[in-house]
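These notes concern the structure reproduced below.
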2 protein chains.
Amino acid sequence: MAAAALKNTKETIAMRVVDALRDDIITMALKPGDVISESDIAGRYGVSRQPVREAFIRLAQQGLLLIRPKRATVVKKISPVGVRQSRFIRESIEVEIIRRVAGQPSDDAANVLTKLIADQEAASDAGDSRRFHTLDELFHRTLARLAGVEYAWQLIDDHKMQLDRVRYLTLGVSSTQRAIAEHKQIVEAVAKADPMAAETAMRAHLARAELLLNQTISDFPDYFE
Amino acid sequence: MAAAALKNTKETIAMRVVDALRDDIITMALKPGDVISESDIAGRYGVSRQPVREAFIRLAQQGLLLIRPKRATVVKKISPVGVRQSRFIRESIEVEIIRRVAGQPSDDAANVLTKLIADQEAASDAGDSRRFHTLDELFHRTLARLAGVEYAWQLIDDHKMQLDRVRYLTLGVSSTQRAIAEHKQIVEAVAKADPMAAETAMRAHLARAELLLNQTISDFPDYFE
DNA sequence: TTCCCCATCCTTCCATACAAGAATGGCATT
DNA sequence: AATGCCATTCTTGTATGGAAGGATGGGGAA
């Protein structure tokens, strides 16, 4: 990793370091188990140790770093049990969400969701898995907004980061296309105002993450606890 | 608040400051809306600004403080919508937990829970609402352990702090005795291995928090957003 | 050969000084 | 009297130096 300029988007240097490091961790540029140090990152970004240290603290609280006092700071390995717990929480919330959306249908909702799927197909065809990832997240967040519980989505956003790392390891054309197909099923159920079908489609969509997790654990055993 | 010695329980000074401040916030010694500053707290505990600053960062991420860059740091007011969201998440998890516990009953479980309730009655009779609060939390955490999902309890622990502040405002003899009665109903259902009754009792127990929240908002409007 | 001790080199942690943005209140101006 | 400007004084943000604990590897002793 080279010089790496910090994007000038946030107020403080510490915030920018947080964003940069989190991005590196989720995209696996920094791999689970990697050891980093304050001075290392500080030198890499051309800032002092202080804002880097504060960034470490924030990321540690988000479960992405593990600070071992007086020893070292390492990129936290992915905890399979933690991922499953996050998924459990996410599923119960998203199922409740899709019930509400399908129970109170609107043309608006169907249109917005259909538009999002079209964008996802474009990203998938272009092989831009990074963009697909962003759009997939937007799809689920939009569902939460349509259900009037966008705040709940923010609550699970932290826990979702662990899962995001797994997803990044597994993103390929085949899986993106399957995800798009599942998204279509969900939207169809919403358009038909069929909550039961919507719930079933959503559970199937999320359940696939379990298979991906097991597959990923065997493919990258070093990244897991 | 006077000199205030930091308990010598944790490794670093910053950790001790975190524990001390969180305790002050949850017990309402520091009230929502109170303005604090790094040098203020640093002087109060006889440490430098640095560990206090790091404590602020941690508590801000936990939603207890609001850091306004270059302006000030304030004890965050309680967000009613946030409390309700936390309750929603907690209810879905605890209902799942109580189902499992009641579905796989054991004498051991009933004994442990009965013992905990006895302790709660002692604390209630003694008027020690602080100790009752601790025991109440232990009761729910024990249920999670008996269901084999203690990890899930940790996930909701952060969000629970907001609710804890509300509870601290409402702790009185009457409400503790009612809580104890509800705990007994839950344990009875577990002893009878009746998941449906257990779920009903748990939902009723948690639903009371909604009434308490509304009551508390009218009693202490300044503490809420 | 094996094991223990210790010098050395890391790391994070803490203290302090300074920088910079924001609020406040007084003063000058209109 | 009302209003706008500006110095003062708060706040948090950043930089840097040193302190303290842990890891590591080499050398000596058994």
Side-chain angles (χ1 to χ4, degrees), chain A residues 3-22 24-25 30-77, chain B residues 3-22 24-25 30-77:
Chain A
L6 292 176
K7 295 177 183 174
N8 198 7
T9 51
K10 287 297 174 64
E11 310 230 325
T12 69
I13 296 179
M15 300 284 196
R16 291 198 286 269
V17 175
V18 166
D19 289 345
L21 284 179
R22 175 169 42 214
D24 284 345
I25 293 172
L30 287 174
K31 305 188 190 316
D34 280 359
V35 176
I36 58 182
S37 80
E38 296 173 359
S39 20
D40 174 24
I41 303 297
R44 191 176 299 176
Y45 288 121
V47 300
S48 81
R49 283 165 22 224
Q50 185 63 26
V52 174
R53 173 174 177 74
E54 299 181 359
F56 279 16
I57 293 174
R58 288 185 155 88
L59 292 169
Q61 284 228 330
Q62 294 175 13
L64 294 180
L65 292 182
L66 175 64
I67 299 176
R68 304 170 56 190
K70 303 291 178 67
R71 289 177 194 78
T73 299
V74 302
V75 179
K76 206 171 182 183
K77 294 201 176 186
Chain B
L6 292 176
K7 294 177 183 175
N8 198 7
T9 50
K10 287 300 176 63
E11 310 234 325
T12 68
I13 296 179
M15 300 283 196
R16 293 198 285 271
V17 175
V18 166
D19 288 345
L21 284 179
R22 176 168 41 214
D24 283 346
I25 293 172
L30 287 174
K31 305 187 191 313
D34 279 1
V35 175
I36 59 182
S37 80
E38 295 171 1
S39 16
D40 174 23
I41 304 296
R44 191 175 298 173
Y45 288 121
V47 300
S48 82
R49 267 185 53 209
Q50 188 60 28
V52 174
R53 176 175 175 77
E54 298 180 0
F56 279 18
I57 293 175
R58 288 186 157 89
L59 292 169
Q61 284 225 330
Q62 294 175 14
L64 293 180
L65 291 182
L66 175 64
I67 299 176
R68 305 171 57 193
K70 303 291 180 67
R71 289 176 191 80
T73 298
V74 302
V75 179
K76 207 171 181 182
K77 295 202 175 185

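Below, all heavy atoms of this structure are taken into account, side chains as well, without hydrogens, waters or symmetry copies. Bear in mind that the values here come from a model prediction, so they are computed numbers and not experimental data. Each chain gets a letter, A, B and so on, in the order its sequence line appears, and its residues count up from 1.
Between M15(B) and V18(B) there is no side-chain heavy-atom pair separated by less than 4.5 Å. Side-chain contact check for L65(B) versus V75(B): some heavy-atom pair is nearer than 4.5 Å.
The existence of a salt bridge linking R22(B) and D19(B) is confirmed by a sub-4.0 Å separation between a basic side-chain nitrogen and an acidic carboxylate oxygen.
Between the CD1 atom in I36(A) and the CD1 atom in I25(A) there is a gap of 6.0 Å [rounded to 0.5 Å].
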Original post:
Going 5' to 3' along nucleotides 7-16 of chain D, which nucleotides have protein heavy atoms under 4.0 Å from the base (write B), which only from the sugar-phosphate (write S), and which from neither (write -)?
Top reply: ----BBBBBB
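Without hydrogens or angle criteria, R71(A) side chain to P69(A) main chain gives a donor-acceptor distance under 3.5 Å.
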